[in-house]
Student: 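Here it is: the structure, laid out below.
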Amino acid sequence: MQTILDELEQRREVARLGGGQRRIDAQHKKGKLTARERISLFLDEGSFEEFDMFVEHRCTDFGMENSKIPGDGVVTGWGTVNGRTVYLFAKDFTVFGGSLSETHAKKIMKIQDMALRNRAPVIGLFDAGGARIQEGVAALGGYGEVFLRNTMASGVIPQISLIMGPCAGGDVYSPAMTDFIFMVRDTSYMFVTGPDVVKTVTNEEVTAEDLGGASVHTVKSSIADGAYDNDVELLLQMRRFMDFLPSSNVAEAPVLPNTDDPARLEMSLDTLIPDNPNQPYDMKELIHKVVDDGDFFELQEKFAGNIITGFARLEGKSVGIIANQPLVLAGVLDSDASRKAARFVRFCDCFSIPVVTFVDVPGFLPGTAQEYGGLIKHGAKLLFAYAEATVPKVTLITRKAYGGAYDVMSSKHIRGDVNYAWPSAEIAVMGAKGAVEIIFRKDIGDDDKIAEHTKSYEDNFLSPFVAAERGYIDEVILPHNTRNRISRALNMLANKTVENPWKKHDNIPL
Ligand code: HXC
């Protein structure tokens, strides 16, 4: 018996070494941890249960029959994060560059199937060179099966991708179909085709970082939801992130112990809005002052800064926050902001996370660049996402809510449940200057008359009361009492039940 036990331990030791000490050292030299080191940092200590440690590829081309490494380039299994079960796979770059073979794909598929069956999140850690070149179409088939499972699991269990090294070719599409992508700065990059192919096809010379580094995907492409300085920071932040999410679409997100008084008054909010309506202020100050302990996990911080998205808690319970940011482009809605927020609203709705919306929006961004870029369709995404969402929706208008953007930003008309406004709210078709120049065009040039019309417009329309008189605003609230009012509204909505008409699926304007 002892011999068998020894053999098992020996086989395990070989598998744990992956591609060998030389390649592990090379991995460390690049500032990256190994797949197993990453897993042990991410999961609760000692909770990892590995599957398929001894799986090997079956390729016999290009001399591959003489080159087999147990595990075949991906470490898979399950464990817990802050006590909750998650399934995960971590590409092992030390084994054939983490490339995907038929058997490697089967290991990932097993994890995806188990996660879906048992309703727990899947986390993928990517550090790989794409399809195992020696396997040809068998690798492509493997990718296809992984993609299919990503699609089936979408909206049922959270799927999160962590890009921690190269992620090229077939490896990019699985993350792209998951809910969130996070990267490591300087050591990770994602692209469909690498710099060499780009040079051959388009004659462009570009570095891996400039083609698909974190600086590209968190700022320009919006592929990634966030980036961190190194593996350790990313993995520790992901442990924090997981606590905002439920395990599936039939589970509730964890309720964390809360010591922050839900009725806490924030007197400083009474002076947050500047006297001059054209002067910006930082919407993040409002978010931080309203949510539990000021703890806000922002997503896509560096992309479309005119809208803010992220998770926070009220009374220990997860909420999704969407807010116009007057500090960036006056908080205007453009194509990027609309797409960013629409996707976030849909995630929250899939996983029953209530949505809190803070509105200060001067409208949609005019101009040829926006119109040619499909502003109508992108704006409609956000409108559609809010309108179809059945989760509790609480909205607060702090200042401007102009034009179509008023309707879009979780208004009463598209099933906002509780719609509040501060006394400083201005709800109108447009600002006073634009309105007066259109309806009193004949008086342009007569400064006194224009001033009179402007004052009259401001008095009549630039307040929350016209909307409140119609019931479009449920209540005009005191800024310092905002946390209390929103917390109470969410408690009141805790058992909200709304069903959309039966359909195979909707047809959101993509
Ligand atoms: C087999 C691979 C591999 C691959 C890397 N390796 N990529 N083996 N298939 N796709 C192996 C290398 O041979 C090497 O083995 C080890 O992994 C480390 O690779 P290096 O090149 O030494 O590392 P590095 O210099 O860090 O470069 C990493 C890299 C590069 C940028 C990822 O390896 C690379 O460009 N690989 C190919 C990328 C690619 O074109 N993949 C196919 C995409 S097509 P040894 O034994 O020396 O350690 C695709 C289509 C799928 O994925 C589409 C589905 C929709």
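Counting starts at 1 for both ligands and their atoms, following the listed order.
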Student: Identify the closest protein heavy atom to atom 1 (C) of ligand 1: which residue and atom is it, and at what distance?
Tutor: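 Answer, as residue, atom name and distance: Q134 OE1, 3.3 Å.
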Student: Using a 3.5 Å cut-off on N or O atoms only, is A131 in polar contact with ligand 1?
Tutor: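 Yes, since at least one N or O of A131 sits under 3.5 Å from an N or O of ligand 1.
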Student: Determine whether any protein heavy atom is located less than 4.0 Å from atom 20 (P) of ligand 1.
Tutor: no
Student: Side chains of R23 and T94: any donor to acceptor distance under 3.5 Å?
Tutor: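 No, R23 and T94 have no side-chain donor paired with an acceptor closer than 3.5 Å.
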Student: So, for atom 29 (C) of ligand 1, does the protein have a heavy atom nearer than 4.0 Å?
Tutor: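 No, because not a single protein heavy atom sits under 4.0 Å from atom 29 (C) of ligand 1.
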Student: May I ask you to list the atoms of ligand 1 that are less than 4.0 angstrom from any heavy atom of L140?
Tutor: 50 (C), 51 (C), 53 (C)
Student: With atom 54 (C) of ligand 1 as the reference point, say which of S174, G97, G170 has the nearest heavy atom.
Tutor: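 Looking at heavy atoms only, the winner is G170.
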Student: Strictly inside 4.0 angstrom of atom 6 (N) of ligand 1, do you find any protein heavy atom?
Tutor: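 Under 4.0 Å from atom 6 (N) of ligand 1, at least one protein heavy atom found.
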Student: Decide whether a cation-pi geometry holds between R11 and F54; the criteria are a distance under 6.0 Å from NZ or CZ to the six-membered ring centre and an angle within 45° of the ring axis.
Tutor: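 Output yes; distance and angle both within limits.
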Student: Check for a donor-acceptor pair, side chain of Q325 on one end and backbone N or O of L327 on the other, with a separation under 3.5 Å.
Tutor: yes
Student: Quick test of your reading of the model: are D231 and K32 salt-bridged, counting only N-O distances below 4.0 Å?
Tutor: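 Salt bridge between D231 and K32, a charged N being under 4.0 Å from a carboxylate O: no.
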Student: Pick from I24, V75, D127: which one makes a side chain to side chain contact (heavy atoms under 4.5 Å, CB included) with T34?
Tutor: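 Among the candidates, only I24 passes.
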Student: When you check the side-chain N and O atoms of H378 and Q370, is any donor under 3.5 Å from an acceptor?
Tutor: no
Student: Cationic tip of R415 within the cone over Y386's six-membered ring, i.e. under 6.0 Å and within 45° of the normal?
Tutor: no
Student: List every atom of ligand 1 that sits less than 4.0 Å from any heavy atom of G130, numbering the atoms from 1 in the order shown and giving each element.
Tutor: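 Per the distance check, 52 (O).
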Student: Any side-chain donor paired with an acceptor under 3.5 Å for D243 and N82?
Tutor: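 Yes, N82 and D243 have a side-chain donor paired with an acceptor closer than 3.5 Å.
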Student: Where does Y173 meet ligand 1, judged by heavy-atom distances below 4.0 Å: at the side chain, the backbone, both, or neither?
Tutor: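 No part of Y173 comes within reach of ligand 1.
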Student: Looking only at protein heavy atoms, which one is nearest to atom 9 (N) of ligand 1, and how far off is it?
Tutor: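 The protein heavy atom lying closest is I133 N, 3.1 Å.
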Student: Can you tell me the protein heavy atom closest to atom 55 (C) of ligand 1 and the distance?
Tutor: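 The protein heavy atom lying closest is F147 CE1, 3.7 Å.
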Student: Indicate whether atom 45 (P) of ligand 1 is within a distance of less than 4.0 angstrom of some protein heavy atom.
Tutor: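 Protein heavy atoms within 4.0 Å of atom 45 (P) of ligand 1 - there is at least one.
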Student: In the complex you have, is atom 34 (C) of ligand 1 within reach of the protein, judged by whether a heavy-atom distance drops under 4.0 Å?
Tutor: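 So far as the 4.0 Å threshold goes, atom 34 (C) of ligand 1 is out of reach of every protein heavy atom.
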Student: Is a salt bridge present between E145 and K106, judged by a nitrogen-to-oxygen distance below 4.0 Å?
Tutor: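 Answer for the salt bridge query: no.
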Student: Looking only at protein heavy atoms, identify the closest one to atom 47 (O) of ligand 1 and say how far it is in Å.
Tutor: R23 NH2, 4.5 Å
Student: Compare F93, F191, Y189, F96 and give the one whose heavy atom is closest to atom 24 (P) of ligand 1.
Tutor: F93
Student: Scan side-chain atoms only and decide if T178 and S161 contain a donor-acceptor pair under the 3.5 Å cut-off.
Tutor: yes
Student: Might you check, step by step, whether the distance between atom 14 (C) of ligand 1 and some protein heavy atom is under 4.0 Å?
Tutor: no
Student: For atom 25 (O) of ligand 1, what is the nearest protein heavy atom, given as residue, atom name and distance?
Tutor: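 Atom 25 (O) of ligand 1 sits closest to the protein heavy atom K30 NZ, 5.0 Å.
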Student: Can you tell me how far the OG1 atom of T85 sits from the CH2 atom of W78, to the nearest 0.5 Å?
Tutor: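 Rounded to the nearest 0.5 Å, the OG1-CH2 separation comes out at 5.5 Å.
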Student: Do protein heavy atoms approach atom 51 (C) of ligand 1 to less than 4.0 Å?
Tutor: yes
Student: Between the candidates G98, G169, G129, which shows the shortest non-hydrogen contact distance to atom 42 (C) of ligand 1?
Tutor: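 Among G98, G169, G129, the closest heavy atom to atom 42 (C) of ligand 1 belongs to G129.
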Student: Given side-chain hydrogen bond (donor to acceptor under 3.5 Å, both in side chains), test R185 with S215 step by step and report yes or no.
Tutor: CA-CA 7 Å; R185 289 190 192 102; S215 57; over 6 Å; no
